[in-house]
Amino acid sequence: MNKNPYGDWRKQLAWGLILIAVGVSMFLQKMDLIDFYSLWHYWPLFIVAAGAIKMITYSRASEFTSGLWTVLVGLWLHAVFEHLFGLTFRNSWPLVIIACGAVMIIKPLIKDRAEANEELAHEK
C-alpha cells in the first residue's frame, strides 16, 4: 500500500501550527495578557482541528470520511455547549441524520478522487 508523500508534511505542519497556537496562548497567560483557562470552553474546536487534519492528509476515502465525522461531531458539540442557534442535546439530534446523508453523498465522490490520484501515482 502506497503512503501519501504529501500527507506527511501537511500533517506535520498542521500539528506544528496547533502546538504553536497552544504555546503562544500559554505564554500570553503567563504574561497576564489573556486568561488561558477561559479558552477551555472552546475544547470541541480541538476535535474539529483533529478532524480537519485527517481530512487534509487523507489517502483513502475512509480516512476522509472519518475526518469529516470528527469535524461534524466537534462542530455539533461546540454549538450545543455554546447554545448557538438555540441548539441543545435534546433538540439537535436530527442533525445526526443530516450528517449521515451528507457523508453518504460525499464518500463516493472522495473515493473516485482517491482512486484517480492513486492511478496517477502508479503511472509515475
Side-chain angles (χ1 to χ4, degrees):
M1 185 173 276
N2 287 340
K3 190 152 174 100
N4 184 356
Y6 302 108
D8 291 338
W9 73 267
R10 285 186 262 174
K11 189 179 293 187
Q12 188 172 352
L13 174 70
W15 282 113
L17 289 172
I18 288 172
L19 284 175
I20 289 171
V22 170
V24 166
S25 61
M26 287 180 166
F27 177 73
L28 294 174
Q29 163 76 23
K30 292 294 182 188
M31 301 296 292
D32 289 329
L33 296 174
I34 65 167
D35 183 17
F36 179 73
Y37 300 107
S38 69
L39 297 176
W40 279 109
H41 69 91
Y42 293 111
W43 68 266
L45 297 179
F46 288 110
I47 297 172
V48 172
I53 290 169
K54 203 169 198 179
M55 289 173 62
I56 291 168
T57 61
Y58 79 95
S59 61
R60 294 186 317 256
S62 61
E63 290 176 4
F64 184 87
T65 54
S66 172
L68 179 60
W69 269 112
T70 305
V71 166
L72 292 174
V73 166
L75 290 173
W76 175 68
L77 287 172
H78 179 67
V80 168
F81 289 139
E82 295 296 316
H83 300 290
L84 299 176
F85 311 110
L87 291 176
T88 64
F89 285 107
R90 186 174 198 166
N91 70 5
S92 64
W93 64 266
L95 291 175
V96 175
I97 297 170
I98 295 169
C100 286
V103 170
M104 289 175 89
I105 291 170
I106 291 172
K107 188 172 184 174
L109 300 173
I110 297 301
K111 186 174 183 178
D112 291 343
R113 182 176 174 203
E115 288 173 356
N117 287 343
E118 193 172 307
E119 288 176 10
L120 288 173
H122 286 302
E123 290 177 6
K124 289 180 182 182

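The two residues G74 and V48 have their closest heavy-atom pair at C-CG2, 3.5 Å.
Every residue two or more places apart in sequence or in another chain that forms a side chain to side chain contact (heavy atoms under 4.5 Å, CB included) with L68 is listed here: M55, L72, V103, I106. Applying the side chain to side chain contact (heavy atoms under 4.5 Å, CB included) rule to L33 yields the partners L28, M31; only residues at least two apart in sequence or on another chain are considered.
Identified under the side-chain hydrogen bond (donor to acceptor under 3.5 Å, both in side chains) test for residues 66-76, with sequence neighbours left out: K54-S66, W76-S92. Residue pairs meeting the salt bridge (Lys or Arg N to Asp or Glu O under 4.0 Å) criterion with at least one partner in residues 63-80, sequence neighbours excluded, are R60-E63.
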Check: residues 77-89 side-chain donor-acceptor pairs under 3.5 Å, at least two apart:
{"from": "E82", "atom 1": "OE2", "to": "H41", "atom 2": "ND1", "distance (Å)": "2.7"}
{"from": "T88", "atom 1": "OG1", "to": "R90", "atom 2": "N", "distance (Å)": "3.3"}
{"from": "T88", "atom 1": "OG1", "to": "N91", "atom 2": "N", "distance (Å)": "3.2"}
{"from": "T88", "atom 1": "OG1", "to": "N91", "atom 2": "OD1", "distance (Å)": "3.3"}

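Applying the under-4.5 Å side-chain rule to Ile, Leu, Val, Met, Phe, Trp and Tyr, the cluster around L19 consists of that residue alone.
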